[in-house]
Amino acid sequence: LRPAGDVLTLASNGKTYCVRVGERFTVLLRGTVSSRWLEPLASSNILKGAPNGALSLVAGMTGASFAGVKPGKVLITSVRPPCSGPLGGRNEAQTKFPVPRVYPLHSCATSRRFLVHIIVVPDLRS
């Protein structure tokens, strides 16, 4: 399955998508001003963050753009607090702790977690 219009939304939750190396797509998660989704994270360097100058978000929307870097499988996760456990993240004063690659989904209710499987395949068009 390919991301419809190269955009993943809450309707994409739990699904698997294929993209080619070099292709870009965006994740847009609608919350509210007082209850936003956290920034979507990619679980490995198979995807990289991709600048998107067109990404101007309305209040309550969280988004991120990614590009396929090399073939493989990766998870994209996000959560919408409150959750029952700590979500992790880097404390700026403690740089030895890396930014997490996935959120602890088990800490959040099903309706407050987002998970998509991405399979990056080689671009054989060239």
Side-chain angles (χ1 to χ4, degrees):
L1 218 94
R2 291 208 17 87
D6 297 325
V7 176
L8 300 176
T9 66
L10 289 172
S12 308
N13 196 10
K15 297 181 181 173
T16 300
Y17 294 91
C18 289
V19 298
R20 290 185 180 101
V21 169
E23 284 186 325
R24 295 174 183 234
F25 64 93
T26 300
V27 178
L28 295 175
L29 304 175
R30 183 177 301 277
T32 64
V33 173
S34 61
S35 180
R36 295 176 49 124
W37 289 86
L38 297 183
E39 177 185 357
L41 297 177
S43 64
S44 78
N45 61 0
I46 290 169
L47 294 177
K48 70 174 180 176
N52 183 343
L55 196 59
S56 177
L57 303 176
V58 298
M61 186 76 78
T62 301
S65 292
F66 297 96
V69 176
K70 59 185 176 183
K73 297 178 183 179
V74 61
L75 301 175
I76 295 179
T77 60
S78 181
V79 294
R80 185 177 178 189
C83 297
S84 62
L87 297 178
R90 183 174 61 187
N91 177 338
E92 295 304 323
Q94 298 173 322
T95 56
K96 66 181 179 179
F97 297 108
V99 172
R101 289 194 178 263
V102 294
Y103 291 106
L105 299 180
H106 63 279
S107 297
C108 290
T110 305
S111 63
R112 295 186 163 276
R113 52 186 163 187
F114 177 82
L115 169 69
V116 173
H117 298 263
I118 302 290
I119 301 169
V120 180
V121 296
D123 185 357
L124 302 176
R125 296 178 295 176
S126 42

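Numbers here simply count residues along the sequence, with the first being 1. Note that the structure is predicted; figures quoted are calculated from it, not measured. Only heavy atoms go into these numbers, but all of them, side chains included; no hydrogens, no water, no symmetry mates.
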Practice task
Find out whether T77 and S43 are in side-chain contact, i.e. whether some heavy atom of one side chain is under 4.5 Å from a heavy atom of the other.
Solution key: no
Problem - Considering all heavy atoms, the nearest L29-P40 contact - result: CD1-CG, 4.2 Å
Problem - Side-chain heavy-atom pair N45, K70 within 4.5 angstrom cut-off - result: yes
Handout entry: Within-4.5 Å side-chain heavy-atom neighbours: R113 and T110
Key = yes
Exercise for the section: Give the intermediate values and the outcome of side-chain contact (heavy atoms from CB on, under 4.5 Å) for residues V116 and V27. Expected result: CA-CA 10 Å; V116 173; V27 178; over 6 Å; no
Fill in the blank from the handout: Closest non-hydrogen contact found for V74 with S44 is CG2-N, 3.5 Å
Handout entry: Rounded distance [0.5 Å steps], CE in M61 versus CG in L28
Key = 5.5 Å
Exercise for the section: Kindly give the heavy-atom pair with the smallest separation between R20 and P122, and that separation in Å. Expected result: CG-O, 4.3 Å
Exercise for the section: State, yes or no, whether a side-chain contact exists between L8 and I118 at a heavy-atom distance under 4.5 Å. Expected result: yes
Practice task
Examine distances only and state if a side-chain atom of T62 and a backbone atom of W37 form a donor-acceptor pair shorter than 3.5 Å.
Solution key: yes
Exercise for the section: Treat each ILVMFWY residue as a node, draw an edge where side-chain heavy atoms are under 4.5 Å apart, and state whether V21 and V19 are in one component. Expected result: yes
Exercise for the section: Please tell me if the side chains of K73 and I119 come closer than 4.5 Å, counting only heavy atoms from C-beta onward. Expected result: yes
Practice task
Output the distance between atom CZ (F66) and atom CG (D6), rounded to the nearest 0.5 Å.
Solution key: 14.0 Å
Exercise for the section: Measure the shortest side-chain to side-chain distance between L115 and L75 over non-hydrogen atoms and say whether it is less than 4.5 angstrom. Expected result: yes
Practice task
State whether a side-chain donor-acceptor pair under 3.5 Å links S35 with R80.
Solution key: yes
Completion exercise
For S65 and T26, the nearest pair of non-hydrogen atoms, with its separation, is OG-OG1, 3.1 Å
Practice task
Could you check I76 against Y17 for side-chain contact (heavy atoms from CB on, under 4.5 Å), going step by step and ending with a plain yes or no?
Solution key: CA-CA 11 Å; I76 295 179; Y17 294 91; over 6 Å; no
Problem - Gap between atom NE2 of H117 and atom OG of S12 - 0.5 Å precision - result: 12.5 Å
Fill in the blank from the handout: Nearest heavy-atom contact between P81 and R112 is O-NH1, 2.9 Å
